[in-house]
Q: 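Take a look at this one; I'll ask things after.
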Amino acid sequence: MIDTIKEILKETLSNINIFIDKPIKIDRSRHPEHGHFSTNIPLLLTKVLKRPPMAIAQDIVRSISPHPDIILKVEIKPPGFINFFLSPKALQSVVKEVLKTGSEYGRSDQGKGLNAQVEFVSANPTGPLTVGHGRQAVLGDTIARILEWNGYSVEREYYYNDAGRQMRILGYSTYIRYRQLLGYDDKIPDDHYQGDYIVDIAKKIVEKYGDRFKADHDNNIFKNSAEQTVFEDISKTLKRLDIVFDQFYNEKSLYDDGKIDHVLIKLKEKNATYEKDGAIWFRSGKYGGTEDRVLWKSVVNEATYRLPDIAYHVTKFKRGYDLIVDLFGADHHATYPDVLAGLRALGYDTSSVKVLIHQFVTLTKSGEKVKMSTRKATYVTLSELIDEVGKDIVRYFFIMRGMKSHLNFDLELAKTESEENPVFYLQYAHARISSILRNADTKGIKFTGVYDISLLKEPETLTLLDVLGEFKEIVLLCKETLEPHHLTNYLQKLATAFHKFYTEHRVLTDDEELTQVRLALVKAVKIVLANGLHLIGVSAPDRM
RNA sequence: GCCCUUGUAGUUCAACAGGAUAGAAUGGAGGAUUCCUAAUCCUUUGAUCUGGGUUCGAUUCCCGGCAAGGGUACCA
């Protein structure tokens with residue numbers, strides 16, 4: 001509907017010979033008195049045309065040709081806004097469209113034929129996923145879903161490194177636990193992994209091999225068992241949230257097939273590097289990065305993490321994605337400018353890379369901060385959180401705020417207040433409609449598909465129709481901003497509009513005509529609720 | 001020190017590209033059901049950290065403070 005208004009406005013402007021270079025902007029009005037849509041174009045034009053905005057507005061409005069089926073009226077408000085009021089007919093038209101397209105309603109084809117990759121979580125397999133990872137996991141998966149809903153073909157990728165120092169420490173921690181189980185009086189160093197999951201891993205090694213490796217701390221069995229077990233646990237946890245990755249990309253493979261060396265050679269060729277103090281440095285600043293960085297160490301003969309990161313992104317380009325989304329926690333925000341600079345140095349156009357930085361979750365327990373550290377095992381795992389509140393609430397809570405907000409997650413609240421949860425409010429709206437439909441069945445009322453849409457005319461009903469029609473705009477907004485919280489906000493709004501309608505009006509009445517048209521309406525609401533919930537990976541129950 | 005992100009009702013968060021009277025939820029106070037699920041609805045209470053600037057207009061942009069989180073390694 002917003003596009004229709006935009007078209008009408010565009011046509012009008014060209015009729016009176018006004019041309020603007022910027023795209024025409026129309027907003028949803030914030031206040032009902034300002035109509036459904038409004039534009040500030042007269043205010044923007046006042047400088048160009050050197051005329052007062054109100055006069056421009058009048059010229060525009062006078063030239064808008066009448067569209068009685070769409071526009072009820074157009075108003076001008078100082079200092080120069082034009083407000084559009086939709087006709088009931090325009091608002092009502094959404095019902096038919098929703099019923100026709102059903103579970104496909106709201107999809108857009110803006111990403112049709114385009115490939116996107118979303119990289120997220122990417123935690124090294126050193127321990128169970130924490131609540132902090134949870135936010136990224138849910139955000140990443142939801143963003144992927146949003147892209148899919150907009151027509152993209154999407155791959156979810158998990159990048160990990162099982163070769164670094166962290167993994168050596170993990171292996172050694174496992175070895176110590178193994179020794180302890182065998183009765184030796186070894187102590188775990190403070191900076192090693194303390195979690196109980198390591199003991200479980202060690203137990204399995206004892207069961208299988210006895211004391212065969214008691215003096216063999218270098219044996220790969222420790223690192224490998226730990227890695228395998230931890231990865232299985234990570235995958236299982238993600239699966240509980242309905243998150244499945246298409247690909248796991250191992251950093252080590254970048255070394256194995258020479259990609260790292262190749263990138264370094266290329267960078268040297270482009271004169272993007274220089275040697276200093278025996279190390280190889282990257283002229284990051286020259287390519288839009290922050291400051292020059294070491295790519296190859298002198299003290300040890302190996303790369304810093306920036307080089308494989310660049311090489312990894314080169315593979316993303318080579319794999320031919322039209323859109324590359326990188327999701328990082330705030331602790332990684334210093335890295336990506338250098339990676340992008342490296343890619344630019346290699347001649348890639350980085351405009352297809354969208355780097356999203358999300359802030360951390362502050363975990364509180366009755367107002368008190370809980371510090372999270374994998375090594376010290378003072379974390380609450382994601383898995384435990386799912387045990388407590390369930391998948392739907394975890395998914396919803398992690399995306400209900402903008403990713404830049406320093407999200408506060410109160411454990412007590414999530415548990416004890418689950419009754420007054422926004423998730424239930426939403427799901428309840430869906431369940432209520434299902435219940436109405438069940439009742440219609442019992443009463444022998446059949447939905448004929450023939451209805452007089454003009455009967456949907458009460459204020460609460462028109463508001464509900466208006467909100468219903470906004471869904472498509474929200475899907476596009478989410479795609480453009482890659483911010484899922486617009487969707488949760490919208491669904492709350494839709495549920496509110498429905499609950500209000502429900503308290504004011506009955507669906508199943510003695511009036512057959514009215515019953516039919518209201519059935520059509522609530523069916524449409526049910527579809528949009530279900531589609532929205534599906535999009536964020538939350539279930540839409542028929543009973544509660 | 002420097003860099004990034006953030007600062008909005010008592011609390012947790014919105015405000016989509018600088019728009020009009022800053023929205024929700026929760027908490028507090030009061031109310032609604034002979035009828036499709038009261039996990040609902042209605043009324044009321046209450047906020048832009050601070051000082052300047054840009055302009056028709058600033059929560060939004062710029063500069064200076066203050067505060068929180070993160071970074072600033074030849075750690076990932």
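Residue numbering restarts at 1 for every chain, and letters A, B, ... go by the order of the sequence lines.
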Q: Does B:C75 have OP1 or OP2 sitting under 4.0 Å from an N or O in the side chain of A:K297?
A: yes
Q: When the P atoms of B:C49 and B:A22 are considered, how many whole Å apart are they?
A: 15 Å
Q: Using both distances under 3.5 Å as the test, list the Watson-Crick or G-U wobble partner of B:A9, or none.
A: none
Q: Regarding A:H430, tell me which of base, sugar-phosphate or nothing describes its non-hydrogen contacts under 4.0 Å with the strands shown.
A: nothing
Q: Can you tell which of B:G19, B:U40, B:C74 lies closest to the side chain of A:R432?
A: B:U40
Q: Side chain of A:R293: nearest nucleotide among B:U72, B:A76, B:A20?
A: B:U72
Q: Check the distance between B:U40's P and A:Q492's CD and give it to me in whole angstrom.
A: 10 Å
Q: Centroid distance below 5.5 Å plus an interplanar angle below 30 degrees: do A:Y425 and B:A39 meet both conditions?
A: no
Q: Between B:A15, B:C36, B:U72, spot the one nearest the side chain of A:S435, thanks.
A: B:C36
Q: Side chain of A:A279, heavy atoms from C-beta onward: which of B:C74, B:A76, B:C56 has the nearest atom to it?
A: B:C74
Q: With a 3.5 Å cut-off and just heavy-atom distances, do the side chain of A:N40 and the base of B:A17 make a donor-acceptor pair?
A: no
Q: Per the atom types in the model, does the base of B:U72 pair as donor or acceptor with the side chain of A:E291 at under 3.5 Å?
A: no
Q: What's the closest nucleotide to the side chain of A:E251 if the choices are B:C16, B:A76, B:A38?
A: B:A76
Q: Does the side chain of A:V475 come within less than 4.5 Å of A:I146's, by heavy atoms?
A: no
Q: Could you list all N or O pairs between the protein and nucleotides 42-44 of chain B that sit under 3.5 Å apart?
A:
unit_1: B:C42; atom_1: OP1; unit_2: A:K500; atom_2: NZ; d: 2.4

Q: Roughly how far apart, to the nearest Å, are B:U8 and B:A25 at atom C1'?
A: 15 Å
Q: Write down the distance between CZ (A:R168) and P (B:C75), rounded to a whole number of angstrom.
A: 11 Å
Q: What about A:F245 and A:Y160, are their ring centers closer than 6.0 Å?
A: no
Q: Please tell me if the side chains of A:L465 and A:L521 come closer than 4.5 Å, counting only heavy atoms from C-beta onward.
A: yes
Q: Shorter than 3.5 Å, N or O on both sides, protein versus nucleotides 4-6 of chain B: list them out with atom names.
A:
unit_1: B:U5; atom_1: O2'; unit_2: A:Q359; atom_2: NE2; d: 3.2
unit_1: B:U5; atom_1: O2; unit_2: A:H406; atom_2: NE2; d: 3.2

Q: Measuring only the C1' atom in each nucleotide, how far is B:C36 from B:U40? A whole number of Å is fine.
A: 13 Å
Q: Taking the side chain from A:S298 and the backbone from A:G278, do they hold a donor-acceptor pair closer than 3.5 Å?
A: no
Q: Determine the Euclidean distance between corresponding C1' atoms of B:G18 and B:U60; express it in Å to zero decimal places.
A: 7 Å
Q: Please measure how far the P atom in B:G23 lies from the corresponding atom in B:A15, and state the result in whole Å.
A: 14 Å
Q: With both distances kept under 3.5 Å, what pairs with B:A20, Watson-Crick or G-U wobble?
A: none
Q: Need to verify one output field. Residue with the more 5' nearest nucleotide on RNA chain B, A:A495 or A:A303?
A: A:A495
Q: Among A:L307, A:L267, A:T273, find the residue that satisfies the side-chain contact (heavy atoms from CB on, under 4.5 Å) test when tested with A:I280.
A: A:T273
Q: Does A:R30 place a side-chain N or O at less than 4.0 Å from the phosphate oxygens OP1/OP2 of B:A20?
A: yes
Q: Report yes if at least one side-chain N or O of A:H31 is closer than 4.0 Å to OP1 or OP2 of B:A22; otherwise report no.
A: no
Q: Parallel under 30°, tilted from 30 to 60°, perpendicular over 60°: which one fits the rings of A:F498 and A:F501?
A: tilted
Q: In Watson-Crick or G-U wobble terms, both distances under 3.5 Å, what is the partner of B:U59?
A: none
Q: Just name whichever nucleotide pairs with B:U33, Watson-Crick or G-U, keeping both distances under 3.5 Å, else none.
A: none
Q: Take atom C1' in B:C75 and the same atom in B:G7, then report the distance between them in whole Å.
A: 31 Å
Q: Could you give the CG-to-C1' distance, from A:L407 to B:G7, as a whole number of Å?
A: 16 Å
Q: Examine the side chains of A:S108 and A:N150 and answer whether a donor and an acceptor come within less than 3.5 Å of each other.
A: yes
Q: Expressed as a whole number of Å, how far does the P atom of B:U5 sit from that of B:C61?
A: 10 Å
Q: Taking the six-membered ring for Trp, are the ring centroids of A:Y159 and A:Y312 within less than 6.0 Å of each other?
A: yes
Q: Going through the checks in order, is the salt bridge (charged side-chain N to carboxylate O under 4.0 Å, His left out) test met by A:E470 and A:K493?
A: CA-CA 10 Å; A:E470 201 181 340; A:K493 192 171 157 190; 2.8 Å; yes
Q: What contact category does A:S38 fall into here, base, sugar-phosphate, or nothing, at under 4.0 angstrom with non-hydrogen atoms?
A: base
Q: For A:N124 and A:A334, find the nucleotide of RNA chain B closest to each by heavy atoms; which residue's nucleotide sits nearer the 5' end?
A: A:A334
Q: Can you figure out which of B:A20, B:A76, B:A73 approaches the side chain of A:Y305 most closely?
A: B:A76
Q: Please give, in whole Å, the distance from B:A14 P to A:L494 CG?
A: 21 Å
Q: If pairing requires Watson-Crick or G-U wobble contacts with both distances under 3.5 Å, which nucleotide is the partner of B:U44?
A: B:G28
Q: Among B:C41, B:U21, B:U72, which is the nearest nucleotide to the side chain of A:H499?
A: B:C41
Q: Taking atom types as modelled, is there a side-chain donor on A:N421 or A:Y396 under 3.5 Å from an acceptor on the other?
A: no
Q: Taking A:V294's backbone N and O only, do any of them form a donor-acceptor pair with A:T304's side chain (distance below 3.5 Å, no angle check)?
A: yes
Q: Of all the choices, B:A39, B:G70, B:A20, which nucleotide is nearest to the side chain of A:K77 once you look at every atom?
A: B:A20
Q: Within this structure, what is the CG-to-C1' distance between A:D162 and B:A76, rounded to whole angstrom?
A: 13 Å
Q: Determine the contact category for A:A440: base if any of its heavy atoms lies under 4.0 Å from a base atom, sugar-phosphate if only primed atoms, P, OP1 or OP2 are that close, otherwise nothing.
A: nothing
Q: Please name the nucleotide paired to B:U72 by Watson-Crick or G-U wobble geometry with both distances under 3.5 Å, or report none.
A: B:G1
Q: Please name the nucleotide paired to B:A39 by Watson-Crick or G-U wobble geometry with both distances under 3.5 Å, or report none.
A: none
Q: Please measure how far the P atom in B:U21 lies from the corresponding atom in B:C13, and state the result in whole Å.
A: 28 Å
Q: Among B:C74, B:G71, B:G19, find the nucleotide with the atom closest to the side chain of A:L44.
A: B:G19
Q: Counting heavy atoms from C-beta on, name the nucleotide in B:C74, B:C41, B:C35 closest to the side chain of A:S298.
A: B:C74
Q: Checking side-chain polar atoms at under 3.5 Å, does A:R293 have a donor or acceptor matched by the opposite partner on A:S284?
A: no
Q: Between B:A76 atom C1' and A:H133 atom NE2, what is the distance in whole Å?
A: 12 Å
Q: CD of A:E483 versus P of B:A15: gap in Å, rounded?
A: 8 Å
Q: Decide, yes or no, whether a salt bridge links A:R28 with A:D466 under the criterion of side-chain N to carboxylate O below 4.0 Å.
A: yes
Q: Between A:H485 (NE2) and B:A25 (C1'), how many Å, whole number?
A: 14 Å
Q: Is NZ or CZ of A:R306 both nearer than 6.0 Å to the six-membered ring centre of A:F282 and within 45° of the ring axis?
A: no
